[in-house]
*Asks:* 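One structure, pasted below without further comment.
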Protein chains: 2
Amino acid sequence: MGIFSKTCEYAMRSVFFIAHRTSDGKKVGIKEISLGIDSPEHFLAKILQSLSKQDIVKSAKGPNGGFYMDEANLKRPLADVVKAIDGRKIFTGCGLGLSYCSEINPCPLHNDFKIIREKITKMLEETSIENFNENLNLGITSLKK
Amino acid sequence: MGIFSKTCEYAMRSVFFIAHRTSDGKKVGIKEISLGIDSPEHFLAKILQSLSKQDIVKSAKGPNGGFYMDEANLKRPLADVVKAIDGRKIFTGCGLGLSYCSEINPCPLHNDFKIIREKITKMLEETSIENFNENLNLGITSLKK
DNA sequence: ATAATAAAAGATATTTTTATCTTTTATTAT
DNA sequence: ATAATAAAAGATAAAAATATCTTTTATTAT
Ligand code: FES
Ligand code: FES
């Protein structure tokens, strides 16, 4: 386990992939996405169902259907994807697992940890999916292996 | 799930607790530790067995036995506890879950994420357990609730 | 030696996360 | 209308993480 759950890792990779692959206005199917980000197809389907319900991505059934994102979706911060899957713990939780983090009853890690949490929050809140994707579009960054 | 697994959270809390409670040279039993850090007793026993084997803490069986730490144990960085339980993923792993993080094949998060990873590493490597515990000894920080 | 103590070790159970497979529903093209 | 397509939904399974309970071993005090 890293910072994010595996489910959340798949979610972020798929969102980047969809954004990248549908910039031409077309849609992309689950099979292609799961191949492109190296994830189990049916598990990813569940994740995308959830992201779709939460309006992180859009979907269309039937022939020529698939997943895509509109302008508003692309402008959302990556934080929204993380919140949709892993919840808010990474943004507000105690590093030692105390039931809530507070200045009044801080754990030994608190002073150092809150700074790190702020940096993570900043990274995820202040950059849009679109933005993270710029280098991917330029072929500089990768989503596989 | 936060940054660390629940097991790792218990491990860190227990190490702080033991360090704090045995500074007078006495030992502390599992029951007292689990009460003190609010963790399941038998689960914590397993964790401490593992930490003991890896020489993060010391233990003694029989009457007046229990867990304690020597000077060398206290001087170890908290990173050693994390490595002993959660492994090295948090220190070196890719934020998006790619099988390895690299400058040559970076993911879209890489540039931001590596800085955060460095800060986490710094926090865990550069401060000893003893050090983190100073405020606990002064009654400023907490391990419960 | 014996009994009491406390961790170590072993076995089992529960819960959560991750993964797979099948059926249904909506949409499109013929 | 019908067949083909693709996501949604539902059901089930496997694996990993977390939790509990029992037995064994080492140590100490009597
Ligand atoms: S109380 Fe633990 S991080 Fe704030
Ligand atoms: S490649 Fe993803 S964090 Fe470095």
Side-chain angles (χ1 to χ4, degrees), chain A residues 1-15 17-18 21-22 26-35 37-69 82 84-87 89 97, chain B residues 1-15 17-18 21-22 26-69 82 84-87 89-90 97:
Chain A
M1 186 193 51
I3 299 273
F4 308 108
S5 70
K6 215 169 178 183
T7 307
C8 189
E9 291 172 349
Y10 291 147
M12 292 188 286
R13 301 219 299 269
S14 67
V15 162
F17 187 87
I18 295 167
R21 229 7 134 65
T22 63
K26 287 186 189 142
K27 289 158 198 144
V28 60
I30 191 98
K31 210 161 252 167
E32 196 178 340
I33 303 170
S34 67
L35 270 169
I37 70 166
D38 194 32
S39 77
E41 181 184 332
H42 297 282
F43 187 50
L44 183 64
K46 293 296 183 194
I47 297 170
L48 286 177
Q49 276 166 35
S50 166
L51 292 181
S52 175
K53 270 181 193 159
Q54 297 178 74
D55 197 35
I56 306 281
V57 300
K58 301 239 179 295
S59 73
K61 287 181 173 182
N64 306 318
F67 295 91
Y68 63 102
M69 295 171 78
V82 175
I85 303 291
D86 279 353
K89 192 169 179 193
Chain B
M1 184 193 51
I3 298 274
F4 307 108
S5 71
K6 215 167 179 183
T7 308
C8 189
E9 291 173 349
Y10 290 148
M12 292 187 286
R13 300 219 300 268
S14 67
V15 161
F17 187 88
I18 295 166
R21 225 13 129 62
T22 63
K26 287 183 188 145
K27 289 159 200 141
V28 60
I30 191 97
K31 209 161 254 166
E32 196 178 341
I33 303 169
S34 67
L35 270 169
I37 70 166
D38 192 32
S39 78
E41 181 184 333
H42 296 281
F43 186 51
L44 184 64
K46 293 294 180 195
I47 297 170
L48 287 176
Q49 275 165 34
S50 166
L51 292 181
S52 175
K53 270 182 195 160
Q54 296 178 74
D55 197 34
I56 307 280
V57 301
K58 301 238 180 296
S59 72
K61 287 180 173 183
N64 306 318
F67 295 91
Y68 62 102
M69 296 171 79
V82 175
I85 303 292
D86 279 352
K89 191 167 181 195
I90 203 167

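Letters A, B, ... are given to chains in the order of the sequence lines, protein chains preceding strands, and every chain is numbered from 1. Quick caveat: nothing in here was measured; it's all calculated off a predicted structure.
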*Asks:* For the side chain of B/Phe67, counting heavy atoms from C-beta on, which of D/dT18, C/dA8, D/dT28 is nearest?
*Replies:*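 It is C/dA8.
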*Asks:* Can you measure A/Leu44 atom CG to D/dA7 atom C1' for me and round it to whole angstrom units?
*Replies:*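 Result: 12 Å.
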*Asks:* Is there a Watson-Crick or G-U wobble partner for C/dA8 with both distances under 3.5 Å, and which nucleotide is it?
*Replies:*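 Paired with D/dT23.
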*Asks:* Does any donor-acceptor pair link the side chain of A/Lys6 with the base of C/dT18 at a separation under 3.5 Å?
*Replies:*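 No.
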*Asks:* Just how far, in rounded Å, is C1' of C/dT20 from CD of A/Glu41?
*Replies:*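 In whole Å, C/dT20 C1' lies 10 Å from A/Glu41 CD.
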*Asks:* How long is the line joining CD1 of B/Ile30 and C1' of D/dA19, in whole Å?
*Replies:*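 Computing the B/Ile30:CD1 to D/dA19:C1' distance gives 13 Å.
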*Asks:* Just the rounded figure in Å: distance from P of D/dT25 to NZ of B/Lys61.
*Replies:*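 Going from NZ in B/Lys61 over to P in D/dT25 covers 9 Å.
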*Asks:* If I take atom OH in residue A/Tyr68 and atom P in nucleotide D/dA7, what distance separates them, rounded to the nearest angstrom?
*Replies:*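 Answer to the nearest Å: 12 Å.
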*Asks:* When all nucleic acid strands are considered with a 4.0 Å heavy-atom cut-off, which category describes A/Lys46: base, sugar-phosphate, or nothing?
*Replies:*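 Base, at least one base heavy atom under 4.0 Å.
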*Asks:* Assign B/Lys27 to base, sugar-phosphate, or nothing according to its heavy-atom contacts below 4.0 angstrom with the strands shown.
*Replies:*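 Since no nucleic acid heavy atom lies under 4.0 Å of B/Lys27, the category is nothing.
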*Asks:* Less than 4.5 Å apart, any side-chain heavy atom of A/Leu51 and any of A/Phe67?
*Replies:*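 Side-chain contact under 4.5 Å: no.
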*Asks:* Test of understanding: with side-chain hydrogen bond (donor to acceptor under 3.5 Å, both in side chains), list the residues that count as partners of B/Gln54, not counting sequence neighbours.
*Replies:*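 side-chain hydrogen bond (donor to acceptor under 3.5 Å, both in side chains) check on B/Gln54 returns B/Ser50.
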*Asks:* Output the residues of residues 50-58 of chain B in contact with DNA chain D, where contact means a heavy atom of the residue under 4.0 Å from an atom of the strand; sort by number or write none.
*Replies:*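 Residues of residues 50-58 of chain B that come under 4.0 Å of DNA chain D do not exist, since none gets that close.
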*Asks:* Return the value, rounded to whole Å, for the distance between atom CD1 of A/Ile85 and atom P of C/dT17.
*Replies:*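 The distance from CD1 of A/Ile85 to P of C/dT17 comes to 12 Å, rounded to the nearest Å.
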*Asks:* Under 4.5 Å between any side-chain heavy atoms of A/Val15 and A/Met69, yes or no?
*Replies:*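 The answer is yes, as the side chains (C-beta and beyond) meet within the 4.5 Å cut-off.
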*Asks:* Taking all heavy atoms of A/Glu9 and all of A/Phe4, pick out the closest pair and write down the distance.
*Replies:*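 Minimum heavy-atom contact is OE2-O, 3.8 Å.
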*Asks:* Could you tell me if the side chain of B/Met12 sits less than 4.5 Å from the side chain of B/Val82, heavy atoms only?
*Replies:*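 Result yes, sub-4.5 Å side-chain heavy-atom pair found.
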*Asks:* Working to the nearest 0.5 angstrom, can you tell me the gap between B/Leu44 CG and B/Ile30 CD1?
*Replies:*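 Taking CG in B/Leu44 and CD1 in B/Ile30, the distance rounds to 4.0 Å.
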*Asks:* Is the shortest heavy-atom distance from the side chain of B/Leu48 to the side chain of B/Ser59 under 4.5 Å?
*Replies:*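 Contact flag for B/Leu48/B/Ser59 side chains = no.
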*Asks:* Is the phosphate of C/dT18, meaning OP1 or OP2, less than 4.0 Å from a side-chain N or O of A/Thr7?
*Replies:*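 Answer is yes, contact under 4.0 Å.
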*Asks:* Over how many whole Å does the gap from A/Lys31 atom NZ to D/dA4 atom P extend?
*Replies:*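 These atoms are roughly 16 Å apart.
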*Asks:* Rounded to the Å, how far apart are B/Phe43 CZ and D/dT20 C1'?
*Replies:*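 Those two atoms, CZ and C1', are 11 Å apart.
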*Asks:* OP1 or OP2 of D/dT27 less than 4.0 angstrom from a side-chain nitrogen or oxygen of B/Asn64, does that happen here?
*Replies:*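 False: B/Asn64 side-chain N/O out of range (4.0 Å or more) of D/dT27 OP1/OP2.
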*Asks:* For C/dA3, what is the paired nucleotide under Watson-Crick or G-U wobble rules, both distances under 3.5 Å?
*Replies:*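 Paired with C/dA3, as far as the under-3.5 Å criterion goes, is D/dT28.
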*Asks:* Just to confirm, is there a sub-4.0 Å distance from OP1 or OP2 of D/dA8 to any side-chain nitrogen or oxygen of A/Ser59?
*Replies:*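 Checking A/Ser59 against D/dA8: at least one side-chain N or O falls below 4.0 Å of OP1 or OP2.
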*Asks:* Quick check for you: among D/dC21, C/dA8, D/dA19, whose closest atom lies nearest to any side-chain atom of B/His42?
*Replies:*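 Nearest nucleotide to the side chain: D/dC21.
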*Asks:* Any side-chain N or O of A/Tyr10 below 4.0 angstrom from OP1/OP2 of C/dT18?
*Replies:*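 It does not, given that no N or O in the side chain of A/Tyr10 lies less than 4.0 Å from OP1 or OP2 of C/dT18.
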*Asks:* Categorize A/Ala60 for me: base, sugar-phosphate, or nothing, with a 4.0 angstrom heavy-atom threshold over every strand shown.
*Replies:*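 Sugar-phosphate, backbone atoms only, no base.
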*Asks:* Quick one: does B/Gln49 reach the base of C/dA9 with a side-chain donor-acceptor pair under 3.5 Å?
*Replies:*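 Answer is yes: a donor-acceptor pair is held.
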*Asks:* Could you give the distance from OH (A/Tyr10) to CD1 (A/Ile47), rounded to the nearest 0.5 Å?
*Replies:*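 Atom-to-atom, A/Tyr10:OH and A/Ile47:CD1 are 7.5 Å apart.
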